[in-house]
Amino acid sequence: MIERIFIFIFGSIIGSFLNVCIHRMPKSESVVWPSSHCPKCNKRIPAYDNIPFLSYIILGGRCRFCKKRISLRYPLVELLTAIMLLALFNRSGLTYDFFFYMVLLCALIVATFIDIRHRIIPDEISIGGMILGLILSSVRGIKLSPFFFSIKPAFNSFLGLIVGGGVIYLSGFLFDLVYFKLLKRPAIQGETESMGGGDVKLLAMIGAFLGWQRALLTFFLAPFFGVVIGIINLLTKKDHTIPYGPFLSLAALLSLFWADKILHLIFLQ
Ligand SMILES: [Zn+2]
C-alpha cells in the first residue's frame, strides 16, 4: 500500500511538471526556467502554493494574489498522471517497463492537452519522443551478463515508427486523393489536407514505443473515439474541425494496457 501512495504522489508531481510543459511549450518557452508564475497577474507562485491538488483545493481554485480562477486543467492533469502511473505500477511494478511506458504516457498527456487548446502537437514531443522511443527500446537489447547486444528491440521500435507514421500518412493521402481530386469536393475551411503532419508524427512516436502491431491497433481504434466526439460536435453545432491527437493518444492508451484483450475480442482466439 505504502508504495502505491508513493507512486501516486510521484505521479502528481510529474503531472505538475507536465502542466508547465502544456503551458509553455506552445509558446516556445523553457520548461525549466523561470519557476512557476500566475498566468494572470504574473506573480511568482511560492513553493507552498505549488503542491499538486492540495494547493488548488486550499486556495479554492484561485490565485493567492489576484484571486483570478486557476484553470481546472492543472489539478486534472496532476490527477490523470497520478492515476496513469499507478495503473502502470500495478501492471509492471518498478521495472524498466514502468520507466519506459511512463515516458510515453507523459508525452501523450502533454500532446493531448496542447492539441485540444492550440491544435498543434509540438515537435519536441513527437520528434523528441521518437528519438527517446528508439533509444529506450535499444537499451532493452543490452544484456549485461553475459554481455551481448540484441538489435531486435531497436529494430521493432524503428519498424513501429515507420509503420505508425506510414499508415496514417497513407490513409490521409488516399482520402485526399479520392475526396478532393477524384470527387472534386470543395476544400473544408480552406484545407485540402485531412490529416495534419502533427498526427503523422504523433503516431510515429507512439509506434517507436509500442512497436508496429500496437501502432496499427492504435490507428484502427482512434477513429471510433473520433466518431463519437464528431457526432457530439455536429449535434451541438460547434466548429467542425476537431483535433485528432487526443483520439490517437486515447487509442494508444488502450493499446498499451489492453492490446491482448482487444485483439482477443476481435479475433476470438
Ligand atoms: Zn494571479
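Just so you know, ligand 1 is whichever comes first in the structure, and atom 1 is the first atom listed for that ligand.
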Which atoms of the protein, restricted to N, O or S, are nearer than 2.8 Å to the Zn ion (ligand 1)? Cys38 SG, Cys41 SG, Cys63 SG, Cys66 SG
Minimal heavy-atom distance between Asp199 and Gly245, with the atoms involved, is OD1-N, 3.5 Å
Are Tyr101 and Phe209 near enough that their ring centres are under 6.0 Å apart? no
Specify whether Phe89 and Phe98 have parallel, tilted or perpendicular ring planes, treating 30° as the upper limit for parallel and 60° as the lower limit for perpendicular. perpendicular
Give a yes/no verdict on a cation-pi contact between Arg140 and Phe100, requiring under 6.0 Å between NZ or CZ and the six-membered ring centre and an angle within 45° of the axis. yes
Which label fits Tyr244 and Phe247: parallel for a plane angle under 30°, tilted from 30 to 60°, or perpendicular past 60°? perpendicular
Where is the tightest heavy-atom contact between Thr81 and Gly11, given as atom of each residue plus distance? CG2-O, 3.4 Å
